[in-house]
Amino acid sequence: MKGGVRGRVRGRAAVAAVASLAVLAGCASGPSLENRGEVTGPPGDSRNLTVGSAGFTESDLLAQMYALLLNKAGYGTEILSVANRELYEPALESGQIDVVPEYAATFADWLNAKRNGADAEPVGSPDLDETIEALRRLAAPRGLTVLDPGKAVDQNAFAVTAAHARQHRLKTLTDLGRSGLEVRLAAGDECVRRPYCAPGLKKVYGIRLTGIDPKGVGTTQAKKAVQSGQDQMVLTTSTDATLDDFGLVLLEDDKHLQNADHIVPVVNRSSAGGKGVAAALDRLAPVLTTRDLALLNEQVDSWRRLPQDVARTYLERKNLL
């Protein structure tokens, strides 16, 4: 779902950038046969890099952290915020953007659909190693290098009220299935047919879904519906920063229904595929956790702090700067 519902454009020179990227998106579809040698040639190491953000809080924070880590390693950086993957991915291929934070399974499926059509069998899965292998296989012919994935994962998740969880001793989705409780789920319309949502909850966990309340993914309206008891569960994300505000808690996806959407840096090989960029960004991978990312999102969304300030404070606290 990432990139589909988060769509504002911000950042330095954003308006001009979007105009130029829109032109690019119409003509770039990966390296041509004439330029295929650039993909297999030596990786580049430009000293001035453009870090892309998809324009929503989490992506802004990750882009800021990437830029700060690259600065520390001696690179000059500029952050460019672009509204959606349809624009920034071709820009990444062409080198107008050099580095972006991505989500492993989502990006793998996106590239797979771009190559094999919208009806192509998904290649993202709950298995991180298999997902990264598929992603690298799809990214390489486009001149993209996928660096090591981090511990943090932003995937679809399901929440109930803390009171409901305590009353029925619910910690996992398995617990909910075993309870036999009827559940009306606040989610997006697509939940009815997506395998990770209603079909998976029924098949994998045996949850008794009585219906889908089409209030969107993790929206305020959806959370309020669960808070009030109108619905019993909400589809949101694992890094949702506002669950406490509504008295909600996540139920663990203990049977791994959701795909491995770990945070992963993707770089343009010809400009940022060298060891220096990888070494700088790999320092974040084992440190940043899903919980950390949720708390950082909260500082921006609820506390109204600037992403660059939140990112710097976090990296300093973790001794990465």
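- In this structure, the side chain of Asp282 does not engage the main chain of Ala279 through any donor-acceptor pair within 3.5 Å.
- Here the shortest heavy-atom pairing between Gly52 and Ala63 reads O-CB, 3.8 Å.
- Atom CG of Leu111 and atom CZ of Arg137 lie 11.5 Å apart (nearest 0.5 Å).
- Between Ile212 and Ala187, the shortest heavy-atom distance links the atoms CG2-CB, 4.3 Å.
- Contact of the Asp154 side chain with the Thr290 side chain is not registered, since no non-hydrogen atoms from C-beta on lie closer than 4.5 Å.
- No side-chain donor from either of Asn48 and Ser46 sits under 3.5 Å from a side-chain acceptor of the other.
- Residues Val160 and Val249 form a side-chain contact, since some pair of their non-hydrogen atoms from C-beta on lies under 4.5 Å apart.
- Listed by chain and number, the residues in a salt bridge (charged side-chain N to carboxylate O under 4.0 Å, His left out) with Arg115 amount to none (sequence neighbours excluded).
- Here the side chain of Asn259 pairs no donor or acceptor atom with the backbone of Asp261 at under 3.5 angstrom.
- Once rounded to the nearest 0.5 Å, the distance linking CE of Met233 with CG of Leu176 reads 5.5 Å.
- Pairing each heavy atom of Leu49 with each of Ser271, the nearest pair is CD2-O, 3.8 Å.
- The pair Lys223-Asp245 fails the salt-bridge criterion, with no side-chain N (NZ, NE, NH1 or NH2) lying under 4.0 Å from an Asp/Glu carboxylate O.
- Separation of atoms CH2 (Trp110) and CD (Glu89) is listed at 4.5 Å; rounding is to 0.5 Å.
- With respect to the salt-bridge test (charged N to carboxylate O, under 4.0 angstrom), the residues Asp253 and Lys255 do not qualify.
- For Arg208, the side chain to side chain donor-acceptor pair (under 3.5 Å) partners at least two apart in sequence or on another chain are Glu182.
- Looking at Asp213, Asp231, Leu185, Thr236 one by one, the single match for side-chain contact (heavy atoms from CB on, under 4.5 Å) with Val226 turns out to be Asp231.
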Tell me, with the steps shown, if Arg47 and Asp45 meet side chain to side chain contact (heavy atoms under 4.5 Å, CB included). CA-CA 6 Å; Arg47 305 311 294 178; Asp45 190 30; 3.0 Å; yes
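- If you check the side chains of Asp109 and Tyr103, you find no donor sitting under 3.5 Å from an acceptor.
- Note that CG of Leu181 and CD of Gln232 are 8.5 Å apart. Values are rounded to the nearest 0.5 Å.
- The distance from the CE atom of Met65 to the CG atom of Leu284 is 5.5 Å, given to the nearest 0.5 Å.
- Of all the heavy atoms in Ser238 and Ala157, the pair that sits closest is N-CB, 3.8 Å.
- Ala222 and Gly216 get closest at one heavy-atom pair: CB-O, 3.8 Å.
- Applying the salt bridge (charged side-chain N to carboxylate O under 4.0 Å, His left out) rule to Asp98 yields no partners; only residues at least two apart in sequence or on another chain are considered.
- For the pair Gln230 and Lys215, the minimum side-chain heavy-atom distance is below 4.5 Å.
- A salt bridge links Asp148 and Arg136; the closest N-O separation between the charged side-chain nitrogens and carboxylate oxygens is under 4.0 Å.
- Contact record, Thr313 with Arg305: OG1-NH2, 3.4 Å, taken as the closest heavy-atom pair.
- Gln64 and Tyr314 share no donor-acceptor pair across their side chains, judged by distance under 3.5 Å alone.
- To the nearest 0.5 Å, atoms CG (Leu235) and CZ (Phe158) are separated by 5.0 Å.
- Asp301 and Asn297 are not linked by any side-chain donor-acceptor pair at a separation below 3.5 angstrom, with hydrogens and angles left out of the test.
- Contact of the Asn268 side chain with the Ile97 side chain is not registered, since no non-hydrogen atoms from C-beta on lie closer than 4.5 Å.
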